[in-house]
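Following: one structure in structure tokens, then a few remarks.
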Amino acid sequence: MQETTYNLLVLVFPVLVPLALAALTAVLWRNHGLQRIVSVIGLGAILGCSVLLMMAVLRYDILAVEFGSWPVPFGISFVADRLAAALVAITGVLALCVGIFSLRDMRQLHIRGGFYPLFFGMIAGVNGAFLTGDVFNLYVWFEVMLITSIGLLALGRTRAQIDGAIKYLLLNLLGTVLFLMAVGLLYGAAGTLAFADLARVLPTLEASPGLVGAAILFLCAFGIKAGVFPLFFWLPASYHTAPFTISAIFAGLLTKVGVYAAFRVFTLLFTVEEAGIREIVAVVAACTMVTGVFGAAVQWNIRRILSFHIISQIGYMLMGLAIATPLALAGAVFYIVHHIIVKANLFLLAGAIRQASGSDDLKKSGGLLKSHPWLAVLFLIPALSLAGLPPLSGFWAKFLVVDASFKGDMAWLAAVALFTGILTLYSMTKIWMEAFWKAPAQERVRSRRVPLAMTAPIAMLCAITLFIGLSAEPFVQFAEKASVTLANPDVYVAAFFGTETEVVDLAIERSEQ
Amino acid sequence: MTFLYAATVAIVAGAGIYMILARNVMRIVMGVALLAAAANLLIFLSGRLVSVSPPIIPDGAETLAETAANPLPQALVLTAIVIGFALTAFSVALAVKAYRSLGTLDAGAMHDAEDLGSPFAAAIDTKQG
């Protein structure tokens with residue numbers, strides 16, 4: 001009994017703690033100093049909670065709880081397998097780093113507008129989406145994320161932010177409506193909405209127009225969220241307008257929630273073999289990689305370049321889903337974890353470059369190698385990792401998905417991925433040449449210092465990237481174990497239903513009616 | 001009955017999509033709201049439109065009667081309506097703010113964000129100059 005209580009708490013804390021912090025920082029609305037202190041302590045607590053969850057998942061493989069003592073498929077549930085726990089842990093790390101960065105980056109105006117409550121609300125939404133065991137709840141968490149992120153995006157109320165926020169909001173709103181329609185069709189076909197119950201019921205059903213429609217709508221909805229070709233237009237239209245702290249956390253987490261949801265739905269509920277979904281996902285992945293990287297090539301604003309690279313990197317993750325062998329799924333899991341750290345770090349670095357050179361437009365910056373040599377080193381680590389140079393984390397991530405695509409008879413996809421890798425290197429070289437190497441456009445009178453609150457989180461994330469790259473073995477093993485759960489829905493179902501077979505039979509009976 | 005209902009859902013969704021294709025932001029917001037309404041109706045339909053009695057467990061019984069309505073879609077729709085309402089309200093507020101600060105509601109004429117990171121120097125200069 002005690003163990004169940006502990007599991008319950010460990011599963012719920014990554015959502016409850018940010019929610020409590022959102023409320024607490026909202027109560028301290030006028031006291032900005034206290035809000036900052038509470039936030040940093042609270043972010044430490046969130047990280048602690050996610051580490052506890054990770055430890056519990058490493059011990060039990062998969063955890064599931066039902067709230068309100070409803071019998072199994074009827075109540076609201078939280079489930080944490082290795083993938084979800086890893087993402088919650090990464091969210092904890094990233095939130096802490098970005099939170100420290102925000103101490104110097106966020107202005108009075110942003111904090112007065114409610115930066116901290118919205119920030120914690122968004123973390124709660126992201127963690128909730130990772131942990132929920134129910135499709136409808138996933139929809140609710142998506143909406144929590146959407147409303148808080150749009151608040152964060154429009155926080156500065158500049159013209160560009162309002163413009164970006166409108167495009168972000170309308171397209172994402174469309175995505176969630178499509179998601180809701182898919183949920184409706186799925187419920188109509190299967191009569192249940194819990195992931196584990198659906199994973200049991202759906203294989204027993206004949207393919208029907210409703211089910212195929214639901215699958216396609218899910219693909220579109222998560223595609224919009226994840227920013228895949230041709231649904232990504234909201235992303236480069238909005239991410240570069242927000243303050244650096246906010247765009248860093250967006251870049252790290254939001255699109256990856258869409259990718260996570262796609263992985264959950266297309267491994268547990270549907271398989272990519274059905275109804276030509278594999279072909280769709282493979283072509284979409286290839287187009288996403290190529291358009292993203294070409295889009296980045298013509299840009300001169302650092303964050304615009306990085307925004308387009310988010311899109312191209314999402315293509316690599318979808319590659320894993322398209323191939324869908326355990327090896328490919330493991331590669332994709334590794335890729336997601338690596339990408340969250342590296343991408344958010346690059347956005348933070350864009351903030352540091354802006355701080356050092358006064359502009360995030362590459363044409364106006366320059367000369368940072370001389371004035372801030374250590375910043376150049378910190379930039380090189382995530383930049384080369386993103387491009388996939390050994391021995392950094394990006395190399396292993398790319399190696400795994402490319403290897404899987406050769407073994408999974410999709411060599412053309414591997415070719416596209418490698419080609420994209422070269423162009424990624426081109427973009428990173430461009431930032432390096434323009435911001436660090438070349439002589440500054442205008443001679444600066446005095447060098448602008450980058451505060452420690454900005455460099456410390458960047459250095460921390462760089463250290464993680466290096467650590468993953470240099471000792472990749474345990475991370476790859478972890479990803480392989482995570483992919484086993486993804487590839488075999490039975491594990492998930494068994495953890496969820498446990499021994500209560502009566503309810504299981506009942507669910508099957510219900511689906512047969 | 002089901003066919004008529006499904007046709008209604010299709011018409012509402014079609015109207016919503018037509019509105020979303022407009023350039024005026026307010027029309028797009030209303031289009032998304034219509035589409036959300038269609039999604040809510042769809043959830044009702046997926047709960048099957050057969051029963052007539054409310055989902056209340058009668059005295060002495062342990063479970064719902066055979067003819068009772070399915071309560072789950074109602075709970076889902078209720079949640080979705082609340083969320084949809086909040087987001088629509090926020091969108092309208094954002095549109096008003098956009099009209100005040102950008103001076104237009106034409107989505108095609110809103111390009112402040114694009115200009116901020118435009119790769120073409122001329123666009124930036126004319127905007128800022």
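Only this structure's heavy atoms are used, side chains among them; waters, hydrogens and symmetry mates stay out. Residue numbering restarts at 1 for every chain, and letters A, B, ... go by the order of the sequence lines.
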Sequence neighbours excluded, the answer for side-chain hydrogen bond (donor to acceptor under 3.5 Å, both in side chains) partners of A:K430 is none
**Item:** Most contacts with chain A, counted as non-hydrogen pairs under 4.5 angstrom, among B:V32, B:V29, B:L102, B:V25
**Value:**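 Looking at each option in turn, the highest pair count goes to B:L102.
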A:F67 CZ: over 12 foreign heavy atoms closer than 6.0 Å =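 Count over threshold, so yes.
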Please find the pair of heavy atoms, one from [X] and one from [Y], that lie closest to each other, and give the distance.
X      : Y      : answer
A:L180 : B:A39  : CD2-CB, 3.9 Å
B:A113 : A:A160 : CB-O, 3.6 Å
A:R159 : B:S101 : NH1-O, 3.1 Å

Notebook entry, point to check: Quick check: does any side chain N or O of A:D163 sit under 3.5 Å from a backbone N or O of B:D112, one acting as donor and the other as acceptor?
Noted result: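 Checked: pair present.
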Are the side chain of B:S46 and the backbone N or O of A:Y187 linked by a donor-acceptor pair below 3.5 Å?
no
Discussion item. As an exercise: rank A:L362, A:L169, A:T241 by heavy-atom pairs under 4.5 Å with chain B and give me the winner.
Written reply: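 Ranked by contacts with chain B, first place is A:L169.
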Partner chain B: residue of A:L193, A:I166, A:N301, A:I147 with the largest heavy-atom pair count (under 4.5 Å)
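Looking at each of A:L193, A:I166, A:N301, A:I147 in turn, A:I166 comes out on top.
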When the 4.5 angstrom heavy-atom criterion is applied to A:L146 and chain B, the contacting part is side chain
* Listed partners of B:K97 passing salt bridge (Lys or Arg N to Asp or Glu O under 4.0 Å), at least two apart ->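 Counting only residues at least two positions away or on another chain, B:K97 forms no salt bridge (Lys or Arg N to Asp or Glu O under 4.0 Å).
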To the nearest 0.5 Å, atom CD1 of B:I20 lies from atom CG of A:L174 at 5.0 Å
Review point. Are there residues of residues 73-94 of chain B that reach to under 4.5 Å of chain A by heavy atoms, and which ones?
Key: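 The residues closer than 4.5 Å to chain A, in numerical order, are B:P73, B:L76, B:T79, B:A80, B:I83, B:L87, B:F90, B:S91, B:L94.
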Applying side chain to side chain contact (heavy atoms under 4.5 Å, CB included) to B:R23 and not counting sequence neighbours gives B:D106
- Item | Verdict with reasoning, A:I162 to B:M110, per side chain to side chain contact (heavy atoms under 4.5 Å, CB included) | CA-CA 10 Å; A:I162 298 292; B:M110 292 181 176; over 6 Å; no
